[in-house]
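Convention: sequence-line order gives letters A, B, ...; per-chain numbering from 1. No experiment lies behind these values; they were computed from the predicted model shown.
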12 protein chains.
Amino acid sequence: MKSVLVIHGPNLQMLGRRKPSVYGRVSLAAINEQLRREARRLKLKLEIHQFNHEGKIVDAIGEAPGRHHGILINPAAYTHTSVAIRDALEGAALPAVEVHLSNIHAREGFRHNSLTAPVVAGQITGFGPHSYTLGLQALASLLK
Amino acid sequence: MKSVLVIHGPNLQMLGRRKPSVYGRVSLAAINEQLRREARRLKLKLEIHQFNHEGKIVDAIGEAPGRHHGILINPAAYTHTSVAIRDALEGAALPAVEVHLSNIHAREGFRHNSLTAPVVAGQITGFGPHSYTLGLQALASLLK
Amino acid sequence: MKSVLVIHGPNLQMLGRRKPSVYGRVSLAAINEQLRREARRLKLKLEIHQFNHEGKIVDAIGEAPGRHHGILINPAAYTHTSVAIRDALEGAALPAVEVHLSNIHAREGFRHNSLTAPVVAGQITGFGPHSYTLGLQALASLLK
Amino acid sequence: MKSVLVIHGPNLQMLGRRKPSVYGRVSLAAINEQLRREARRLKLKLEIHQFNHEGKIVDAIGEAPGRHHGILINPAAYTHTSVAIRDALEGAALPAVEVHLSNIHAREGFRHNSLTAPVVAGQITGFGPHSYTLGLQALASLLK
Amino acid sequence: MKSVLVIHGPNLQMLGRRKPSVYGRVSLAAINEQLRREARRLKLKLEIHQFNHEGKIVDAIGEAPGRHHGILINPAAYTHTSVAIRDALEGAALPAVEVHLSNIHAREGFRHNSLTAPVVAGQITGFGPHSYTLGLQALASLLK
Amino acid sequence: MKSVLVIHGPNLQMLGRRKPSVYGRVSLAAINEQLRREARRLKLKLEIHQFNHEGKIVDAIGEAPGRHHGILINPAAYTHTSVAIRDALEGAALPAVEVHLSNIHAREGFRHNSLTAPVVAGQITGFGPHSYTLGLQALASLLK
Amino acid sequence: MKSVLVIHGPNLQMLGRRKPSVYGRVSLAAINEQLRREARRLKLKLEIHQFNHEGKIVDAIGEAPGRHHGILINPAAYTHTSVAIRDALEGAALPAVEVHLSNIHAREGFRHNSLTAPVVAGQITGFGPHSYTLGLQALASLLK
Amino acid sequence: MKSVLVIHGPNLQMLGRRKPSVYGRVSLAAINEQLRREARRLKLKLEIHQFNHEGKIVDAIGEAPGRHHGILINPAAYTHTSVAIRDALEGAALPAVEVHLSNIHAREGFRHNSLTAPVVAGQITGFGPHSYTLGLQALASLLK
Amino acid sequence: MKSVLVIHGPNLQMLGRRKPSVYGRVSLAAINEQLRREARRLKLKLEIHQFNHEGKIVDAIGEAPGRHHGILINPAAYTHTSVAIRDALEGAALPAVEVHLSNIHAREGFRHNSLTAPVVAGQITGFGPHSYTLGLQALASLLK
Amino acid sequence: MKSVLVIHGPNLQMLGRRKPSVYGRVSLAAINEQLRREARRLKLKLEIHQFNHEGKIVDAIGEAPGRHHGILINPAAYTHTSVAIRDALEGAALPAVEVHLSNIHAREGFRHNSLTAPVVAGQITGFGPHSYTLGLQALASLLK
Amino acid sequence: MKSVLVIHGPNLQMLGRRKPSVYGRVSLAAINEQLRREARRLKLKLEIHQFNHEGKIVDAIGEAPGRHHGILINPAAYTHTSVAIRDALEGAALPAVEVHLSNIHAREGFRHNSLTAPVVAGQITGFGPHSYTLGLQALASLLK
Amino acid sequence: MKSVLVIHGPNLQMLGRRKPSVYGRVSLAAINEQLRREARRLKLKLEIHQFNHEGKIVDAIGEAPGRHHGILINPAAYTHTSVAIRDALEGAALPAVEVHLSNIHAREGFRHNSLTAPVVAGQITGFGPHSYTLGLQALASLLK
């Protein structure tokens, strides 16, 4: 049974309360529940974290090789600013999928660019909580 | 039963032969077969086209409202240059999903920008033929 | 009696249905009717086309010299991307007027720049269907 | 009977003498005469000014609400540099039309951008003195 | 008793009527009244002007040394375009404070840059009429 | 009695020792003392933190709703680089005021841009420790 | 005997009439005649097309592999705008030579950049109809 | 005897007091005296003005043809922002020389660019009051 | 005996495993061993840390004055994004040397710029683990 | 019999040894031999130089008028940096052809721009040593 | 008697023959004659050189201190590309004046920027051979 | 015994006299003496040159292969402008180290970019004459 590290980036603990017109009304707990259900269907183990600290995300990715087989990550705000997370993902050299709840291409200009996208396998953006489920399926297929 | 218009953009008829290191060795026919199988599972009707002409894509999208309920589109090269396809998608006002075989963020700079992404619901990029299947699932969920 | 080639660019067949908050609720047929009425008043013959294909617009302009005396064109989305239509207009060397329904300067940044404007006599933008009538008057005056 | 404030921007007092290859040989007096004739036909009252001072243009626009129903303005050089005139037009909140004698898109790069265009209803550029007549007609139609 | 020159830039005479969603419903007279009250509390003399002319603002600042001890200025639109006002402030070499009613960083891109900010002591932006009161307090403290 | 969260960003613990020519010789403890005095006058409760970790600032802002009524923040270096703090401020949706000791517009180019300014009510910059007092007054007035 | 696909891009059907000061007075038929004569000397078969439609150029290049051994192309206006033709040339993976009648580096700025040049073997620009003859010789040598 | 219009731009009335490290300690009156002496030597009549208003400079240049034979101008801050003065100089079509006291190329980036320089005969920058004398000599030589 | 604070930035704990083609196969422990040997030769004390957290690096630098005499730092990914570390280094005002294992000028564009380089004494880049030894020698010489 | 000056720019003496994957394995002597053979066929005299010094290239071009009838030049690295060679070519006013061994459009960004291309008749790039032969033919045809 | 080093940059030996519409018909010898005459009047010794080699200009400037008291330089094409000449001028630390025959601000964009201007006392541009005479006068005045 | 070519770029012959606040007071002869001493310790032969001519640096590097085993270069001003030296270094394909006396990242913007850095092994900047010693050690270690 393969193991997947799931990382929710900064401010996602506010989900359901913060700007519901952009991020929807589903809480992070509900998304995690839905991810676990999908993981069982796909025969994957999940370890799930939410971090506001860039450094903790770098820590977690740095420790993933040997413990996990793939990474599902929503880097949130750090998507656009963190070379450190990019380097961590590139260094870990595990199959990784980047997801976003909102369509980042339809928002402010500084959100159009992703520092992490070039070092992951692929990116899924804009489908709300469903982005995570699709991302997990994509990762499952990469892990085969 | 809902109907989905599937549009493959320019040069995708070459799939399997063109730059396999980037686009893989699966042919367009194989992708369409896989899409039809997934559509049956999702209870969707598909109408599939491959067009090298920007104008034909604009035509097809312009005629979609009233005939289809959603659009799955890989605009390929026109992703980066076609204001006309963007306007058509925006004007048709149907749920639409943009997919790409390769990770466009890991390629040449002029492929990082998408003119169509801001007017579709979401974008899936980098998972090879699997991008299409995930895209159809995302669209199915939007059509519910 | 002088003859004018009228060209409506891509997606204008959707007029009246697409984004009425931007483009208004008047259909293309109604605009054409209004143009024909104004042409009779100005003693001009009109040949009117709507094209979604950049190539067809290039074809039509290329065949205009010898058949028409002037061109009234709303290049729509191709305004911002088509060097080919610019070259066609420059090559045809007929008096030409560019019109836009919406105020392109008040919309997205990529709509502020016009590739065709530098090679036509003048541009009229922002007055809805009235832009066409004003454009035909301007052209009539250039043809005297 | 509706009243229209007509503003000619800086250097237009030189019209007919300054760079006739660009601006033509018609004097400002002749243009005003032609505007007054057209105004009678359209049943509009005109108040016409030429100002070299940015501040006087801001003054005049600031005093227009309550005294005029619309504004016809050729901001000339201030088109490209005056945030103050833009703010005045936006603040006055009257229907306004921007006109230019020459085709500003066919001239130096710094003339392609208009700070005022996004806050007026529409823009007419390139038809020499006829730009004013067309502008007045456009404004008349907006005032109905 | 120290004397402060207060300068309101272009279009501020429209305050209360122009775009109340951005600038609020308080008139310039009310702001001046509130400033005078605060000045009495701070034991400052005020001389207050509103100018639409860049040149008059340059005049007034140029004459300030010897007559005033500090400057409170809302350069409004000239904030973003006037090198002349910047040079005047720098040349006068009096303590100066720049205030803005609206949060200029939350508006159009061309309002994010201030030519005058680098030559004043500090800037206060976004608190409506309260920006002026805070600015006067800041200036009072600089004048001690 | 309303409660205000005060956040001092990275390196501000060095205040009074670091580059006194830019930041002055007042220590952070002295600023906090002055803030508490002013808070008593304004009948506000304060909770004050200094954080060098971007993630801790995101944590603190994320926990503020329900515990505090407003935020007074000097994001220091993170002003120019942190999308995460911006998202946190926007998500918390509390009245917030941004302050800076030095005039950031008179320093290096990369300090002119603020990622956080567009999502707070207003910004006060350049008055040394007095910037904090003015900021607290501005916040008090927003909380009424 | 090797076969070469010759593609003339948009507006080249006007050759000899359009802007003779830039493009010369030789017609497209005369150029084709000269190309056929040179081809006989070089023992090459030619298939020659002129297309105004970007999509037709993409079609023709897409069908070239298996039917032709090399491509001689003057993409004209599409040189500067067509990612689709670039992708087609790259996908076809045949030796290709790009030619231009005029010296594109001595014209408007937007003509200095070629999207197709990086994916062809080489480029010949500025020698009028002679550019084609030189291009065919270059291609003949690549096909040996 | 030829007549020369001398224009000193904004803030130059402060000369000798404003930033003497940049502009020196000579007053404008002293410069004018030195110019008049040089004019007598060169057998030129001078009319000298200092204006803080962009509009007054435009007025003066607009009235120069027929009254003066050449223009000596230090546009100061308006050098970098005034399209109106550029248009006036171009429209007046008199020999004109631009002078600057300081070396504008050694100062802030926004002072490196001159809008007026392309429409005058030449520019002299960096020699303090001597720039004016050299400018008058250059103009005298152009007027022969 | 002088004391040096050595800081390894984010992801350097992965050294020897991450992208060996770029960073080599030497582990961080081996580098530290080599640094300690060199320090003994140079009669320096070392305190060595590896941090993935930007905030911890800021903490450590902030506490260095009074405890250390110099800083040897490889900011890794934070080189390109951290204004906070730059401010910390500038505030600490100790002699500091920046080192990089790889030649950052030969990598992606966003790695060419260093926010920290302008505030350290010098930079050594491209010599693998030897960069550290050279850096320590440079620092030793600065501490004399 | 017409005479042609052939100039090989910097580093071309290394040809055959330097980066053969980019420049091929043919030596400069072999290229010169091939050029002389072609020149005999075309009835042209050649004078051939290789220069590493920008100044020597400027010298040679400056002395060409009166001694040669045309110039064949591979400016190599100076293509992208030398305004002096551009000025020399423009000043000499002889027919000139620019050649490059490699396809400069397929290499680093700073090689895409040619300072010399706008002042020569045409440019041939990408055909290895054959670029020279084609260039000589093009020049021969210009000299007729 | 003070000594001045006069340096004419690349291609100036062609003067009188090269592009007379831009540079005039006066030869370099005539300019030197005129300079010597003016030098006698100003009681200056001249040493005059024309160099096409950037390195020779750097040599000459490097040897000037101790042998000359000032430098009059027309760096021609190297104005826009040579950091080495800039460094030489800055290092020599002699009063220096930069002159240009043509108005570089009215020519191609790449000629608007001068690398040398920020390190000389002043710049004179646009007066043909008279630029040199004015420059020598300016230098004479600096040498007093 | 390995041989190293040492190249000092333009203006370095002035060392010790030119801008001592930036480059220090040590002469080039002293630096060379120090380098020779270090070379004896490292068992390296040195050949040392100082060149003001870009072409001579290109010559010297072009002749290095076969005569030297490595290159130590301070390209000085040519760092920022010379594609020719970059090409020479790349073509020579010897281990090379770039050194700078001053911290180029703390100086003018145009000195932040190095054309040569991407083609050498590494760069050392900011340690005054010590940069050379460190560079020679780095090179010695690369030559092992």
Side-chain angles (χ1 to χ4, degrees), chain I residues 22-24 26 31 34 38 41-42 70-75 79-80 86 89-90 95-144, chain L residues 22-24 26 31 34 38 41-42 70-75 79-80 86 89-90 95-144:
Chain I
V22 173
Y23 297 101
V26 182
I31 286 178
Q34 161 195 346
E38 187 69 14
R41 200 180 68 76
L42 295 163
I71 297 174
L72 182 70
I73 183 166
N74 177 350
T79 306
H80 318 298
R86 175 198 176 110
L89 285 166
E90 205 178 22
V97 171
E98 177 181 330
V99 297
H100 295 279
L101 295 162
S102 63
N103 181 347
I104 58 177
H105 306 293
R107 300 180 61 198
E108 303 98 319
F110 65 83
R111 292 196 208 270
H112 295 188
N113 185 45
S114 167
L115 276 165
T116 43
V119 300
V120 296
Q123 188 197 51
I124 294 173
T125 173
F127 303 109
H130 199 201
S131 290
Y132 280 99
T133 327
L134 294 167
L136 196 60
Q137 290 172 26
L139 191 54
S141 136
L142 292 170
L143 292 178
K144 271 175 211 165
Chain L
V22 174
Y23 298 102
V26 181
I31 285 178
Q34 160 195 350
E38 184 72 13
R41 200 179 67 75
L42 295 164
I71 297 174
L72 182 70
I73 184 166
N74 176 350
T79 306
H80 318 296
R86 176 194 174 114
L89 285 167
E90 204 177 23
V97 172
E98 178 180 330
V99 297
H100 294 279
L101 294 163
S102 63
N103 180 346
I104 57 178
H105 306 294
R107 299 180 62 197
E108 304 98 319
F110 65 82
R111 292 197 209 268
H112 295 189
N113 185 44
S114 167
L115 275 164
T116 44
V119 301
V120 296
Q123 189 197 50
I124 294 172
T125 174
F127 303 109
H130 199 202
S131 290
Y132 280 98
T133 326
L134 294 167
L136 196 60
Q137 289 172 25
L139 191 54
S141 137
L142 291 170
L143 291 178
K144 269 175 210 161

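- At a threshold of 4.5 Å between non-hydrogen side-chain atoms, the residues I:R86 and I:P118 count as touching.
- Using cut-offs of 30° and 60° for the angle between ring planes, the L:H80 and L:F110 rings count as perpendicular.
- When every heavy atom of L:L89 is checked against every heavy atom of L:A96, the shortest pair comes out as CD2-CB, 4.2 Å.
- Heavy atoms closer than 4.5 Å to chain I are found nowhere in L:S114, neither backbone nor side chain.
- With chain L as the partner, the residue from I:H112, I:R107, I:H130 showing the most heavy-atom pairs under 4.5 Å is I:H130.
- A heavy-atom distance below 4.5 Å is found between the side chains of I:L101 and I:I31.
- Listed by sequence position, I:L134, I:Q137, I:A138, I:S141, I:L142 are the residues of residues 131-144 of chain I in contact with chain L, using a 4.5 angstrom heavy-atom cutoff.
- The shortest heavy-atom contact between L:Q34 and L:P129 is NE2-O, 3.5 Å.
- The line from OG1 of L:T125 to CG of L:N74 is 9.0 Å long, rounded to the nearest 0.5 Å.
- Residues L:T116 and L:I73 are not in side-chain contact: their nearest non-hydrogen atoms beyond the backbone lie 4.5 Å or more apart.
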